[in-house]
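As structure tokens, the structure follows; a few thoughts come after it.
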Amino acid sequence: MIPRTEAELFQRARALAGRTLGSIAAEHGSVPPVELVKAKGWAGQLLERALGASAASRAEPDFQHLGVELKSLPVDARGRPRESTFVCTIALSEIGDVEWESSRVWRKLRRVLWLPIEADRRLLPAERRVGEPLLWSPSAEEESALRFDWEELSGLMGRGAVEAITGHLGKWLQVRPKAANGQARRRALDADGVGFATLPRGFYLRAAFTARLLASHYAIGRP
DNA sequence: TTGTGATCATCT
DNA sequence: AGATGATCACAA
């Protein structure tokens, strides 16, 4: 069940292209929800199962032995991403000591299997089709741009300014809340290295980034 | 309880 | 409309 090579993983992903989530769900004993409001991660978790990823939720790529991260990407009828893409949570008390090469962001984004999913709100989850997969690594320019954002944001957090960060910062990568609710708290360090509790946050890729990514690899997304 | 899977819902 | 801030379910 676990793909042994990247090629095998990609081949398996290509076999899903054009199929509906409902038909894939039927093969894995999964019952499609009528709405995603209480099942936001359903499609992503179904695709993990269908492709043989471990269901484990760790701060590592989904296919750790291959170094590949699986990301479903909701797209509209024109193939444009409908949402930003969550990358990882932020260890606020350590972020100041981490380098880009060993960061969670880079470990997850250095190799990604993108799986576009039809995400028109008028479609039931079961009716939505899977698109052609894209096995992607950032180009040198893309990596450089992502690293620039990451270093700016990480620098601020490392200096204790996490609460000064808003979703407006970062050209391609942004920091936004990532929590069960507004009462959730995570340990962070202030400018003097003193611990305090704050809302958990995560790194997200802006939809503009994934839109460019799709446009440069598919014949879509261009007016 | 924390991180991963994300989308929802509100504001601009 | 698009983006930011808020939120929901599940596994380990």
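Protein chains get the first letters and strands the later ones, always in sequence-line order, with residue 1 at the start of each.
- The interatomic distance linking A:E83 (CD) with C:dA1 (P) rounds to 16 Å, in whole Å.
- With the nearest nucleotide of DNA chain C identified for both A:Q174 and A:G41, A:Q174 has the one nearer the 5' end.
- Contact of A:R58 with B:dG3 (side chain to base): no donor-acceptor pair of N or O atoms is detected under 3.5 Å.
- With salt bridges taken as basic N to acidic carboxylate O contacts below 4.0 Å, none links A:E99 and A:R147.
- Distance from the side chain of A:R104 is smallest to B:dG3 among C:dT7, C:dA9, B:dG3.
- Residue A:F86 places its side chain closer to B:dA6 than to any other of B:dA6, C:dT7, C:dT4.
- Spacing between atom CG of A:D76 and atom C1' of C:dA1 amounts to 12 Å, rounded to whole angstrom units.
- Note that CG of A:D76 is 6.5 Å distant from CZ of A:R78, once rounded to the nearest 0.5 Å.
- Distance A:L123 CG to B:dT7 C1': 16 Å, rounded to the nearest Å.
- Regarding contacts with the backbone of B:dT4, every side-chain N or O of A:K71 stays at 4.0 angstrom or more from both OP1 and OP2.
- Near DNA chain C, defined here as any heavy-atom distance below 4.0 Å, the residues from residues 150-171 of chain A are A:T166, A:G167, A:H168, listed numerically.
- Scanning residues 11-23 of chain A for heavy-atom distances under 4.0 Å to DNA chain C yields an empty list.
- Within residues 200-208 of chain A, the residues having any heavy atom closer than 4.0 Å to DNA chain C are, in order of number, A:Y204, A:R206.
- Between A:R19 and A:E27, at least one side-chain nitrogen of the basic residue sits less than 4.0 Å from a carboxylate oxygen of the acidic one, meeting the salt-bridge criterion.
- Listed for the A:D149 side chain is no donor-acceptor partner under 3.5 Å among the backbone atoms of A:E152.
- Atom-to-atom, CG of A:L115 to C1' of B:dT4 comes out at 17 Å; the value is rounded to the nearest Å.
- Side chain of A:K38, nearest nucleotide from C:dA9, B:dG5, B:dT7: C:dA9.
- For the residue pair A:E143/A:W100, the side-chain donor-acceptor check at 3.5 Å is satisfied.
- Heavy atoms of A:E35 sit nowhere under 4.0 angstrom from any nucleic acid atom.
- Checked by atom type, the side-chain pair A:S84/A:R206 shows no donor-acceptor distance below 3.5 Å.
- Protein atom CG of A:L70 is 16 Å distant from nucleotide atom C1' of B:dG3, rounded to whole Å.
- Note: CZ (A:R122) to P (B:dT7) measures 17 Å, nearest angstrom.
- For the pair A:R186 and B:dT1, the criterion of a side-chain N or O lying under 4.0 Å from OP1 or OP2 is not met.
- A:R187 comes within 4.0 angstrom of no nucleic acid atom, judged by non-hydrogen atoms across all strands.
- Residues A:T89 and A:R186 have side chains that never bring a donor and an acceptor to within less than 3.5 angstrom of each other.
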From CA spacing to verdict: salt bridge (Lys or Arg N to Asp or Glu O under 4.0 Å), A:E132, A:R14: CA-CA 6 Å; A:E132 290 291 335; A:R14 280 201 307 192; 5.8 Å; no
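- Residue contacts shown for A:A59 are limited to sugar-phosphate atoms, with no base heavy atom under 4.0 Å away.
- Of the candidate nucleotides B:dA9, B:dG5, C:dT7, C:dT7 has the atom lying nearest to any side-chain atom of A:P177.
- In summary, the side chains of A:W114 and A:S72 do not present any donor paired with an acceptor at a separation below 3.5 Å, with no hydrogens or angles considered.
- Contacts of A:A184 with the nucleic acid, taken as non-hydrogen atoms under 4.0 Å apart, are absent.
- Nucleotide C:dG5 holds its P atom 8 Å from the CZ atom of A:R176, rounded to whole Å.
- Tracing side-chain contacts under 4.5 Å through hydrophobic residues (I, L, V, M, F, W, Y), one never reaches A:L66 starting from A:W106; they form parts of separate clusters.
- Regarding contacts with the backbone of B:dG5, every side-chain N or O of A:S72 stays at 4.0 angstrom or more from both OP1 and OP2.
- Looking at heavy-atom distances under 4.0 Å, A:R82 makes no contact with the nucleic acid at all.
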Could you please spell out the steps behind the side chain to side chain contact (heavy atoms under 4.5 Å, CB included) verdict for A:L134 and A:V112? CA-CA 8 Å; A:L134 173 65; A:V112 179; over 6 Å; no
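- Residue whose closest nucleotide on DNA chain C sits further toward the 5' end, between A:S84 and A:K40: A:S84.
- Remark: the A:Q45 side chain and the C:dC10 base include no donor-acceptor N/O pair separated by less than 3.5 Å.
- Among the protein residues, A:G44 comes within range of the sugar-phosphate backbone only, with heavy atoms under 4.0 Å from sugar or phosphate atoms but none that close to a base.
- Classification of A:E6 and A:R111 as a salt-bridged pair holds, one side-chain N sitting under 4.0 Å from a carboxylate O.
- A distance of 11.5 Å separates CZ of A:R82 from CD of A:E118, quoted to the nearest 0.5 Å.
- Here the nucleotide nearest the side chain of A:K178, chosen from B:dG5, C:dT7, C:dT4, is B:dG5.
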